[in-house]
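Below you'll find the structure, written out as structure tokens, and then a few comments.
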Number of protein chains: 4
Amino acid sequence: MKLDLDPASPVPIYLQIVEQVRRLVALGALRPGERLPTVREVAARSRVNRNTAARAYEVLEGQGIVRSRVGQGTFVSEDAPRLDPAARDGALDGALDRLIVEARSLGVPLAELEKRLARRIGAFEKEAKKESAGKEQKR
Amino acid sequence: MKLDLDPASPVPIYLQIVEQVRRLVALGALRPGERLPTVREVAARSRVNRNTAARAYEVLEGQGIVRSRVGQGTFVSEDAPRLDPAARDGALDGALDRLIVEARSLGVPLAELEKRLARRIGAFEKEAKKESAGKEQKR
Amino acid sequence: MKLDLDPASPVPIYLQIVEQVRRLVALGALRPGERLPTVREVAARSRVNRNTAARAYEVLEGQGIVRSRVGQGTFVSEDAPRLDPAARDGALDGALDRLIVEARSLGVPLAELEKRLARRIGAFEKEAKKESAGKEQKR
Amino acid sequence: MKLDLDPASPVPIYLQIVEQVRRLVALGALRPGERLPTVREVAARSRVNRNTAARAYEVLEGQGIVRSRVGQGTFVSEDAPRLDPAARDGALDGALDRLIVEARSLGVPLAELEKRLARRIGAFEKEAKKESAGKEQKR
DNA sequence: GTGGTCTAGACCACG
DNA sequence: GTGGTCTAGACCACG
């Protein structure tokens, strides 16, 4: 598991780890039930404190993305966390509205925004497929 | 200029002000060249610390959204902030990727995500038209 | 806010703080919008590390019980967190089943268990009323 | 003896074993004097570490639920563990209070809580009867 | 002055 | 060896 952390970013390191693990899970690069590197490994490889790595895993567990078992390690959860549908929709619409404002401020026409989303989804699905193929081959 | 601030939000108040001013500019409710209320006015009306309002304007100026002229006030910039196109695209793609990961984590199919974006854009444009009509009438 | 912490307990200190704050909120001794003592105050009065107190508040925020605002303090949330009803029911039934087994193992007949629950609810409501009266008087 | 263990649960496996054995005893599926499977059998059937199974039995013996006789095996205790009545009541009231706070935090009215407990007790007793009938038949 | 992040380092619980 | 808790102490962001 390769993490790309920027200590100079305003985003806290532990949240950078959270975001990247979520992305790997969304891509299928990390699959349900799969074991993540240990807290100590993440800390050593990414040169952060063990507590910082542990905190990222703790947040991921709070979000239902992973499950930690003492003495065993940390694993990708088997099923997506359940969420109140209204809360889910609210969260998503909020994210969409922020995106729209961001695009307008950058001078991107909204029609183009839709096209770009379609394109990024395409890129995402392609990468997910690649990850998936890589996984199959390892079997 | 009406701001809807939520002191209970995890987003810092000065950033909420920044986001909302950007939104008003994006909507056309604040037009290029238009004068913004003074820092004191914002602070008084929104009941925030004067430093908080000042900080928000500082950030907006740094982003090229507004321009302060000593002794005259703060004005919406005449032209959209010129951003290195590569930087602009990078920022937008980053935002899109975060959105995609969020949607996947929430269990929202990516096809639905596209539809929802289209719907939110529709809502945004409707509101922008209303704001615009209001402006015309004031002339 | 008085906390009764036992460092010798198998329950981690930060979780003891979490449980007690939740109890005070449930009782109405801490009301929506009310400000909690600062992290530093809790740490000093309870003689725990500042990080430990901060962690408790962080967990409470994750549970939607309180809201923290940098520079302002920590406040009881205005409304109860929304939860998927199925998840809510599942959590409650699990708690009830554990209670039943515990009672049987202790040799408590299940009919008595019901009576005891009724009695504890009575005691809880009485204490809640007292807290409420105390609050009114302070106004 | 069939155990339903969830390695993904935050509850340690040895405690899951403890809880389930207690549950089986409470249900009457395991009767006073009855012999439990050996530590090795439990470990093999449930695919847990032998130390884990041994630890669970150790805890059960400490609680007075089972009794180990060297060279003979482990047996369900003849009589319910004698607990200082004050300690028993304290333990039960603590559990009830935690339940009440949890219900309040979830927004469950306390009157409903009483009804739900009655319902779960009904379900528990029905299952206990079934277990009991099964035992009779085996004789 | 408030909460948030991070490090260094210790000790503990579980398997 | 794994994750979890806690302390001590530093520095930062927000208001």
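A, B, ... follow the sequence lines: proteins, then strands. Residue 1 opens every chain.
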Heavy-atom side-chain proximity of B:Leu27 to B:Arg23 below 4.5 angstrom | yes
Geometric cation-pi criterion, C:Arg55 with C:Tyr14: 6.0 Å, 45° = yes
Within a strict 4.5 Å, meaning less than it, do heavy atoms of the B:Val76 and B:Ile65 side chains meet?
-> no
Under 3.5 Å, side chain of A:Gln20 to main-chain N/O of A:Asp4, donor-acceptor pair present?
-> yes
Given that C:Gly73 and A:Gly71 both sit by DNA chain E, which one's nearest nucleotide is further toward the 5' end?
-> C:Gly73
May I have the step-by-step check of side chain to side chain donor-acceptor pair (under 3.5 Å) for C:Arg22 and D:Ser105, ending in yes or no?
-> CA-CA 8 Å; C:Arg22 288 187 65 149; D:Ser105 289; 3.0 Å; yes
In whole angstrom, what separates C:Arg67's CZ from F:dC14's C1'?
-> 16 Å
Could you check how far CD of C:Gln72 sits from C1' of E:dT2, rounded to whole Å?
-> 8 Å
Strictly below 4.0 Å, heavy-atom distances to any atom of DNA chain E: list the hits from residues 38-47 of chain B, or just say none.
-> none
Can you find a pair of side-chain heavy atoms, one from A:Ser9 and one from A:Gln16, that are under 4.5 Å apart?
-> yes
Taken to the nearest whole Å, CG/C:Leu5 to C1'/F:dT7 is 16 Å
Is a donor on one side and an acceptor on the other found under 3.5 Å between the side chain of A:Ser46 and the backbone of A:Val42?
-> yes
Report yes if some heavy atom in the side chain of B:Arg104 is under 4.5 Å from a heavy atom in the side chain of A:Val25; otherwise report no.
-> no
Under 4.0 Å from any atom of DNA chain E, heavy atoms only: list the residues of residues 48-60 of chain C that qualify, in numerical order.
-> C:Arg50, C:Asn51
A:Arg35 atom CZ: more than 12 heavy-atom contacts under 6.0 Å = yes
Fill in the dot-bracket string of DNA chain E, one character per base: . for unpaired, | for a pair to another strand, ( ) or [ ] for pairs within the strand, taking Watson-Crick or G-U pairs under 3.5 Å.
-> ||||||||||||||.
Any donor and acceptor pair, going by atom type alone, linking the side chain of C:Glu34 with main-chain N or O of C:Phe75 inside 3.5 Å?
-> no
Considering only heavy atoms, which members of residues 6-24 of chain C lie under 4.0 Å from some atom of DNA chain E?
-> none
Using side chain to side chain donor-acceptor pair (under 3.5 Å) as the criterion, list what pairs up with B:Ser68, not counting sequence neighbours.
-> B:Glu61, B:Thr74
Can you tell me how far P of F:dG3 sits from CD of A:Glu61, to the nearest Å?
-> 11 Å
Apply side chain to side chain donor-acceptor pair (under 3.5 Å) to B:Glu41 and list each qualifying residue two or more places apart in sequence or on a separate chain.
-> none
Below 4.0 angstrom from OP1 or OP2 of E:dG3, is there any side-chain N or O of C:Thr74?
-> yes
Looking at CG of D:Leu36 and OH of D:Tyr57, how far apart are the two atoms once the value is rounded to the nearest 0.5 Å?
-> 4.5 Å
